[in-house]
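Below is one structure; the comments refer to it alone.
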Amino acid sequence: MRDPLSAATDAFTGFLFGKVETTRLPVRTSTGQAQAVYLPTAAPGLGDSGVIIGREVYSGKGYIYDPFQLYGQQLPAPHWLVLGESGNGKSALEKTYVLRQLRFRDRQVVVLDAQGEDGVGEWNLIAEELGITPIRLDPTAALDMGIRLNPLDPAITTTGQLALLRTIIEVAMGHGLDERSGFALKVAHAYVNETIVERQPVLMDIVEQLRHPEPESAEAMNVAIDDVRAWGLDVALVLDRLVDGDLRGMFDGPTTVGIDLDAPLIVFDLSHIDRNSIAMPILMAIVGVWLEHTWIRPDRKKRIFLVEEAWHIINSPFVAQLFQRLLKFGRRLGLSFVAVVHHLSDVVDGAAAKEAAAILKMASTRTIYAQKADEARATGRVIGLPRWAVEIIPTLTPGIAVWDVNGNVQVVKHLITETERPLVFTDRAMTESSADHLADDALRAAELEAEERAAAFVEQHLADLDGSSESTVA
């Protein structure tokens with residue numbers, strides 16, 4: 001009950017000013033109508049400068065990404081990690097991304113193509129379309145005048161040659177070189193470079209010098225010649241494998257004439273190399289150092305280094321250290337490293353966990369396609385994804401991925417134009433393309449009209465890029 005004074009006060013106030021309170025009647029409505037009360041929201045995009053990837057799922061906006069354009073503004077480093085189970089669209093994303101980047105005249109791409117069927121790599125069709133001959137490293141073909149890369153090529157600095165020789169030996173041996181073996185290798189390399197000037201030095205020259213060291217090498221360190229020979233024996237045996245073992249023919253002669261390091265796209269076809277053999281990390285080491293000393297130059301070009309099956313690199317401590325050094329060129333010389341991995345556990349639980357963590361830290365962009373729930377949770381913990389993103393990863397359909405660009409997390413549908421489709425989807429590449437192209441026919445039919453409109457937008461965007469000679473950033 002209200003007291004009489006309060007009731008009299010309210011009555012007098014109402015008489016002078018009218019009723020100051022009203023009773024709001026309840027409103028009955030449906031959820032479909034009530035949703036108009038809440039305005040739709042979507043995360044901000046990455047800007048409109050760069051190459052288009054597709055559309056952001058929740059807002060429908062075009063999603064544009066370019067590490068070179070974003071570097072210094074939204075990205076501390078231009079490197080990119082792509083994760084996901086086979087058959088969800090990683091291959092299609094990589095290929096269209098490279099094709100679209102190459103529309104800029106100041107772009108250059110190297111691809112290490114570790115997959116393939118019918119005797120050629122997965123990137124062979126794109127290379128042919130662009131008039132590029134892949135560098136096909138094949139032990140069998142190498143014996144019949146195939147492609148050779150010389151670790152002692154004069155185009156590589158003397159320091160780079162010695163670093164490459166050490167890395168090859170350490171990868172093959174599974175442990176680092178001790179001081180005595182390292183000394184034997186150093187003096188053999190120095191002697192070969194000083195005495196062979198009329199031709200390219202080759203690995204056999206190093207092997208012979210390790211087997212038969214010069215007396216001056218022993219005298220310089222005041223040790224017996226037999227000691228120097230003994231220190232270099234294991235090193236000679238490892239290098240002999242590249243000369244007369246299962247890797248012979250690819251690295252034991254002068255570099256093949258005609259390899260064009262100025263082409264817009266360079267494809268190293270590694271599909272003939274056994275992925276599980278020691279040959280793969282040795283090959284990665286040689287290609288990595290060779291590129292570091294012959295391809296990356298301060299000429300203001302923006303370079304992309306894309307590595308398929310990248311766990312072969314990160315799983316070897318010595319090769320991972322080499323590529324860590326290579327990644328540091330990203331800031332100084334404009335290099336974007338793109339690593340494609342099926343499972344993060346392939347690398348974080350491997351022999352090179354420390355090196356893998358360092359490489360993952362350098363990758364400011366992470367794209368995650370569908371994974372099983374337990375793998376998604378592990379991935380989320382390692383790279384720091386928000387909970388909502390981790391929960392939707394197992395539900396993603398082919399072509400849709402979670403993109404984390406330095407903390408800007410969005411769900412993106414990758415779009416492919418009709419011009420790109422024949423180059424991206426091939427009958428050979430069943431492991432990656434069939435799920436993208438045919439996984440859900442009913443959903444594909446329902447979205448076809450919308451995708452055609454979106455693809456037309458992509459085509460127009462790419463046509464606009466054809467008119468630009470260079471990107472706008474240095």
Apply side chain to side chain contact (heavy atoms under 4.5 Å, CB included) to Ile53 and Ile64, showing your working. CA-CA 6 Å; Ile53 301 296; Ile64 296 175; over 6 Å; no

For a 4.5 angstrom cut-off between non-hydrogen side-chain atoms, does Val411 reach Ile392? yes

Is Lys372 salt-bridged to Glu85, cutoff N-O under 4.0 Å? yes

Is it true that Trp123 and Glu308 share a donor-acceptor pair across their side chains at a distance under 3.5 Å? yes

For Phe251 and Leu203, the nearest pair of non-hydrogen atoms, with its separation, is O-CD1, 3.6 Å

Walk me through it: do Arg381 and Val390 pass the test side chain to side chain contact (heavy atoms under 4.5 Å, CB included)? CA-CA 9 Å; Arg381 284 195 301 271; Val390 173; over 6 Å; no

Smallest heavy-atom separation, Met284 atom then Leu112 atom, equals SD-CD1, 3.3 Å

Closest heavy-atom pair and its distance - Tyr369, His414: OH-CB, 4.4 Å

What pair of heavy atoms forms the shortest contact from Val238 to Ala172, and how long is it? CG1-CB, 3.5 Å

Could you tell me which residues satisfy side chain to side chain donor-acceptor pair (under 3.5 Å) with Ser364, sequence neighbours excluded, listed by chain and number? none

Could you please spell out the steps behind the side chain to side chain contact (heavy atoms under 4.5 Å, CB included) verdict for Asp113 and Phe268? CA-CA 6 Å; Asp113 183 5; Phe268 286 90; over 6 Å; no

Side chains of Ile135 and Asp269: closer than 4.5 Å at any heavy-atom pair? no

Distance only, no hydrogens: is a donor on one side chain within 3.5 Å (strictly under) of an acceptor on the other, for Gln410 and Asn408? yes

Separation of Lys302 NZ from Arg105 CZ (nearest 0.5 Å): 15.0 Å

Is the count of non-hydrogen atoms from other residues, nucleotides or ligands lying under 6.0 Å from Arg387 atom CZ greater than 12? no

Between Val110 and Ile304, is any pair of side-chain heavy atoms under 4.5 Å apart? no

Ile393 CD1 to Gln371 CD distance, which is reported to the nearest 0.5 Å: 6.0 Å

Which value, rounded to the nearest 0.5 Å, describes the distance between Leu385 atom CG and Arg377 atom CZ? 13.5 Å

Could you tell me if the ring centre of Trp80 sits under 6.0 Å from that of Phe337? no

Student check: side-chain heavy atoms of Val202 and Asp252 closer than 4.5 Å: no

Would you check if the side chain of Thr367 reaches a backbone N or O of Trp403 as a donor-acceptor pair within less than 3.5 Å? no

Rounded at 0.5 Å granularity, tell me how far CG in Asp260 sits from CG in Leu265. 11.0 Å

Using a strict threshold of under 4.0 Å (side-chain N to carboxylate O), is an ion pair present between Lys95 and Glu122? yes

How many angstroms lie between CG in Asp299 and CG in Asp106, if you round to the nearest 0.5 Å? 10.0 Å

May I have the list of side-chain donor-acceptor pairs in residues 159-168 shorter than 3.5 Å, sequence neighbours left out?
unit_1: Gln161; atom_1: OE1; unit_2: His189; atom_2: NE2; d: 2.9
unit_1: Gln161; atom_1: OE1; unit_2: Asn193; atom_2: ND2; d: 3.2
unit_1: Gln161; atom_1: NE2; unit_2: Leu152; atom_2: O; d: 3.4
unit_1: Gln161; atom_1: NE2; unit_2: Asp153; atom_2: O; d: 3.1
unit_1: Gln161; atom_1: NE2; unit_2: Ile156; atom_2: O; d: 3.2
unit_1: Thr167; atom_1: OG1; unit_2: Ala163; atom_2: O; d: 2.9

Checking Val307 against Val340 for the side chain to side chain contact (heavy atoms under 4.5 Å, CB included) test, could you report, in this order, the C-alpha distance in whole Å, the side-chain angles of both residues, the deciding distance, and whether it holds? CA-CA 6 Å; Val307 183; Val340 184; over 6 Å; no

Is a donor from one side chain sitting under 3.5 angstrom from an acceptor on the other, for Gln200 and Asn150? yes

Heavy atoms of Pro264 and Ile132 approach each other most closely as CD-CD1, 4.4 Å

Is there a side-chain contact between Leu185 and Ile169 (heavy atoms, below 4.5 Å)? yes

Do any N or O atoms from the side chain of Ser336 and from the backbone of Pro78 form a donor-acceptor pair under 3.5 angstrom? yes

So do the side chains of Arg303 and Trp295 get within less than 4.5 Å of each other, counting heavy atoms only? yes

Give a yes or no on whether Lys301 atom NZ has more than 12 heavy-atom contacts from other residues, nucleotides or ligands under 6.0 Å away. yes

Taking Arg100 for the side chain and Ile52 for the main chain, is one N or O donor matched with an acceptor at less than 3.5 Å? yes

Side chains of Tyr65 and Val405 in contact at under 4.5 Å (non-hydrogen atoms): yes

Locate the shortest heavy-atom distance separating Val409 from Pro386; write the atom from each residue and the value. CG2-CD, 3.9 Å

Side chains of Asn88 and Ile400 in contact at under 4.5 Å (non-hydrogen atoms): no

Within a reach of under 6.0 Å around CD of Glu129, are more than 12 heavy atoms found that belong to other residues, nucleotides or ligands? no

Please determine, by modelled atom types, if Asp66 and Gln101 share a side-chain donor-acceptor pair under 3.5 angstrom. yes

Distance from Arg366 atom CZ to Ile383 atom CD1, nearest 0.5 Å? 5.0 Å

Under 3.5 Å, is there a donor-acceptor pair between the side chain of His175 and the main chain of Glu170? no

Side-chain donor-acceptor pair under 3.5 Å between Thr96 and Glu420, yes or no? no

